[in-house]
Amino acid sequence: MVVTPKSLRTCSEGHQYYKSSDCPTCPVCEQERKPDNGFLALLSAPARRALEQHGITSLQLLSEYSEREILQFHGMGPASMPKLRSALQEQGLSFKS
Ligand SMILES: [Zn+2]
């Protein structure tokens with residue numbers, strides 16, 4: 001492994017990270033901004049927790065379930081389904097049929 005000069009930086013959110021030329025942005029913020037799990041922010045807190053409790057933290061994982069299975073999760077309501085459906089569609093995914 002080649003040692004490159006790095007400096008410890010603190011981003012605007014307070015995360016500390018080592019800045020290097022090939023990774024100029026905060027990796028923690030990058031992770032949080034991932035569009036893949038942005039869909040969780042669309043949901044109400046109980047619905048979000050329901051998905052997280054089942055380990056569904058990405059649209060990829062969500063697409064492995066059918067709508068019926070998701071609706072059976074405690075806290076998940078029918079009102080969340082259109083949001084999930086369109087979030088999946090934006091990524092070219094869909095619920096398992
Ligand atoms: Zn950050």
Side-chain angles (χ1 to χ4, degrees):
M1 202 175 142
V2 181
V3 179
T4 49
K6 290 176 178 176
S7 59
L8 185 62
R9 297 280 307 257
T10 306
C11 83
S12 55
E13 301 293 323
H15 310 125
Q16 292 201 318
Y17 65 103
Y18 286 96
K19 184 182 160 74
S20 63
S21 53
D22 57 330
C23 183
T25 52
C26 168
V28 181
C29 288
E30 280 297 282
Q31 193 70 27
E32 286 173 359
R33 280 197 203 106
K34 265 177 120 183
D36 202 24
N37 55 21
F39 74 101
L40 288 172
L42 305 170
L43 303 173
S44 63
R48 190 167 59 235
R49 273 197 298 271
L51 291 183
E52 285 171 346
Q53 268 166 16
H54 288 80
I56 303 173
T57 52
S58 75
L59 290 167
Q60 223 79 41
L61 290 166
L62 182 64
S63 70
E64 291 172 15
Y65 291 81
S66 69
E67 289 196 38
R68 193 180 300 177
E69 285 170 320
I70 296 291
L71 273 168
Q72 279 166 359
F73 293 173
H74 179 74
M76 184 58 66
S80 300
M81 300 314 284
K83 295 176 192 167
L84 292 175
R85 216 176 289 135
S86 61
L88 282 168
Q89 267 170 13
E90 279 173 28
Q91 300 295 312
L93 299 166
S94 63
F95 282 111
K96 203 179 78 178
S97 48

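In each ligand, atom 1 is the first atom listed, and ligand 1 is the first ligand listed.
Expressed to the nearest 0.5 Å, how far CG of L62 lies from NE2 of H54 amounts to 12.0 Å. A distance of 13.0 Å separates CG of L88 from OH of Y65, quoted to the nearest 0.5 Å. Here the straight-line distance linking atom CG of L84 with atom CG of L93 works out to 12.0 Å at 0.5 Å rounding. Note: S58 OG to Q91 CD = 10.0 Å, rounded to the nearest 0.5 Å.
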Listing, residues 66-77 side-chain donor-acceptor contacts under 3.5 Å, not counting sequence neighbours, or none:
residue, atom, partner, partner atom, Å
S66, OG, E69, N, 3.3
S66, OG, E69, OE1, 3.4
E67, OE1, R85, NH2, 3.1
E67, OE2, R85, NE, 3.0
E69, OE1, S66, N, 2.8

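The two residues L43 and R48 make their nearest non-hydrogen contact at O-NH1, 3.4 Å.
Shown here are the protein N/O/S atoms lying under 2.8 Å from the Zn ion (ligand 1), water excluded: C11 SG, H15 ND1, C26 SG, C29 SG.
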